[in-house]
Amino acid sequence: MEPREAARRAAGTIADQLASPEEASKKTLAQGWWPQSLAHGAAGVALLHIERARAGVGPWQRAHDWLACAAAGGAVGGPDAHLYYGAPALAFALHAAADRPGQYARALAALDTHVTTLVQQRLQDGHARIDRSQLPALAEFDTIRGLSGLGALLLHRGTDHSLLRDVLTYLVRLTEPVKHDGDVLPGWWSHLAPSGQPSPNYPRGHGNHGVAHGIGGPLSLLALTARCGITVPGQLDAIRTILAWLDYWRQDSDAGPWWPYWITHDQLRADSAGPGPARPSWCYGTAGLARAQQLAALVTGDRQRQIAAETALLHAMTDPGQLAATEDLSLCHGFAGLIHITRLAASDGLTPGLTECLPSLLEPLSDTPAGILTAVLFPDNGLDIGLLEGAAGTALALHAFATDEPSLSGWDTSFLITASSALES
């Protein structure tokens, strides 16, 4: 079967299996029932049906049913909310579904109030922490839980550039070095372990490189907003500061260039990154970081860096060892994420060969629809229905490959790998 047709059929099969929130809620769910979760719940599944409805290949009723399920309990705000959960997740999904001016206006206005309060409080806390010369928790600034992810929402909404610029100003400050216990460290160096918790294995913290939880997320947001013409003083300098750090920790091997997931204090002192490369995923690894650096190169006009980033991605997507380390089909750390990132990078790219990688990356996802359903929808530890690690996200990547068009709903802006095509200049 032709690859795009195989992807189209597999995406449709998954969407049909996730047609009804009522039926899905009866299944064994690996993460439990979290309606307001973009990552694992109804808000994420809604995005699949929204994108398909916008493309004319699925009914709008499914999207409305999943949105109603996500919103049924009222918006979750406060410190537990972030891009992937609560009021921000609902706002992201509702905005994606608004296919005409004014649709969902009252609901979005109420959610925007929650989001604005949340972002302002996070910014106040972040600046106060910087003023005290303390080190940050990853959740202060990262994509999944922090201000980079909330910035992605503000960019997706496109209604409050002033607040988005406030986020960018904070990220510029985040890149300023900090002196801590006699060391000069990058401003994003966390005193915690990669888990976000204190750990005796990380007694002096670490510098995290991931797009999901590390400095890759701020780099992507700084680059994407600049690409959309939304800038603040020092933004390009901040981009260059992050790039210089990544240049320093870039490793070269027979498998191609790669970056460690993070650097411990001992590794910093020893000037050694340890063995690698590891799995080349979106959340951690070469795929996400290569795309972030490609986006940065596009806004700084650095053709050499752009080619270097694309070449790193090409090596990772053709290296049997790195691909063998990719064991699932998700957007977060599986083949769906590799396909989608590679397709986006190829569309912006100068380097030949990226598009040619796509059919082989697709094979684990589209051999047969039955294989997809077995591997993704019914794993041994229970179904994950969501966007980040589950069936909805895999189906969205398959749908995007099948159509070979930019997202109509902007679902992938939540990963900070692209901005809305209407915003990008």
Working to the nearest 0.5 Å, report the span between [atom1] of [X] and [atom2] of [Y].
{"X": "Ser360", "Y": "Phe335", "atom1": "OG", "atom2": "CZ", "value": "9.0 Å"}
{"X": "Thr286", "Y": "Leu314", "atom1": "OG1", "atom2": "CG", "value": "12.0 Å"}
{"X": "His209", "Y": "Arg250", "atom1": "NE2", "atom2": "CZ", "value": "14.0 Å"}
{"X": "Gln120", "Y": "Leu150", "atom1": "CD", "atom2": "CG", "value": "12.0 Å"}
{"X": "Thr175", "Y": "Phe141", "atom1": "OG1", "atom2": "CZ", "value": "11.5 Å"}
{"X": "His49", "Y": "Ser409", "atom1": "NE2", "atom2": "OG", "value": "12.5 Å"}

If every non-hydrogen atom of [X] is compared with every non-hydrogen atom of [Y], which pair is closest and at what distance?
{"X": "Ala96", "Y": "Leu47", "value": "CB-CD2, 3.7 Å"}
{"X": "Leu94", "Y": "Ala107", "value": "CD1-CB, 3.8 Å"}
{"X": "Ala70", "Y": "Pro35", "value": "CB-O, 3.5 Å"}
{"X": "Ala292", "Y": "Leu219", "value": "CB-CD2, 4.0 Å"}
{"X": "Cys228", "Y": "Leu155", "value": "SG-CD1, 4.3 Å"}
{"X": "His180", "Y": "Ser133", "value": "ND1-O, 4.2 Å"}

Could you tell me whether the side chain of [Y] reaches within less than 4.5 Å of the side chain of [X], counting heavy atoms only?
{"X": "Leu295", "Y": "Leu224", "value": "yes"}
{"X": "Leu135", "Y": "Ser190", "value": "no"}
{"X": "Val119", "Y": "Leu153", "value": "no"}
{"X": "His265", "Y": "Asp183", "value": "yes"}
{"X": "Met317", "Y": "Leu338", "value": "yes"}
{"X": "Ile417", "Y": "Ser220", "value": "no"}
{"X": "Leu48", "Y": "Trp66", "value": "no"}
{"X": "Glu327", "Y": "His333", "value": "no"}

For [X] and [Y], indicate whether the former's side chain and the latter's backbone hold a donor-acceptor pair under 3.5 Å.
{"X": "Ser25", "Y": "Glu22", "value": "yes"}
{"X": "Arg291", "Y": "Ile341", "value": "no"}
{"X": "His114", "Y": "Val76", "value": "no"}
{"X": "Thr342", "Y": "Ile339", "value": "no"}
{"X": "Gln36", "Y": "Tyr85", "value": "no"}
{"X": "Asn208", "Y": "Gly210", "value": "yes"}
{"X": "His40", "Y": "Leu387", "value": "no"}
{"X": "Gln293", "Y": "Ala309", "value": "no"}
{"X": "Tyr84", "Y": "Ser414", "value": "yes"}
{"X": "Trp259", "Y": "Leu246", "value": "yes"}

>> Between Phe415 and Trp282 (judged by ring centroids, cut-off 6.0 Å), do the two rings come close enough to count as a pair?
In response: yes
Tell me, yes or no, whether the heavy-atom count around [X] atom [atom1], taken from other residues, nucleotides or ligands under 6.0 Å, exceeds 12.
{"X": "Asp252", "atom1": "CG", "answer": "yes"}
{"X": "Arg129", "atom1": "CZ", "answer": "yes"}
{"X": "Arg106", "atom1": "CZ", "answer": "no"}
{"X": "Trp34", "atom1": "CH2", "answer": "no"}

> How far apart are the C-alpha atoms of Asp112 and Asp160, what are their side-chain angles, what is the distance that settles it, and do they pass the side chain to side chain contact (heavy atoms under 4.5 Å, CB included) test?
Replying inline: CA-CA 9 Å; Asp112 285 343; Asp160 194 342; over 6 Å; no
>> Apply ring pair (Phe, Tyr, Trp, His ring centres under 6.0 Å) to residues His340 and Trp411 and explain how you reach the verdict.
In response: CA-CA 12 Å; His340 200 62; Trp411 67 266; 4.7 Å; yes
> Going through the distances and angles, do Leu388 and Ile144 end up as a side chain to side chain contact (heavy atoms under 4.5 Å, CB included)?
Replying inline: CA-CA 10 Å; Leu388 197 61; Ile144 300 295; 4.1 Å; yes
> Please walk me through it: do Tyr170 and Glu140 pass side chain to side chain contact (heavy atoms under 4.5 Å, CB included)?
Replying inline: CA-CA 11 Å; Tyr170 155 80; Glu140 179 182 299; 2.6 Å; yes
>> Closer than 4.0 angstrom, basic N to acidic O: yes or no for Arg240 and Asp302?
In response: no
> Are Arg343 and Asp404 close enough for a salt bridge, meaning some N to O gap below 4.0 Å?
Replying inline: yes
>> Quick one, Leu362 with Leu398, criterion side chain to side chain contact (heavy atoms under 4.5 Å, CB included). Give me CA distance, side-chain angles, the key distance, then yes/no.
In response: CA-CA 8 Å; Leu362 183 71; Leu398 287 163; 3.7 Å; yes
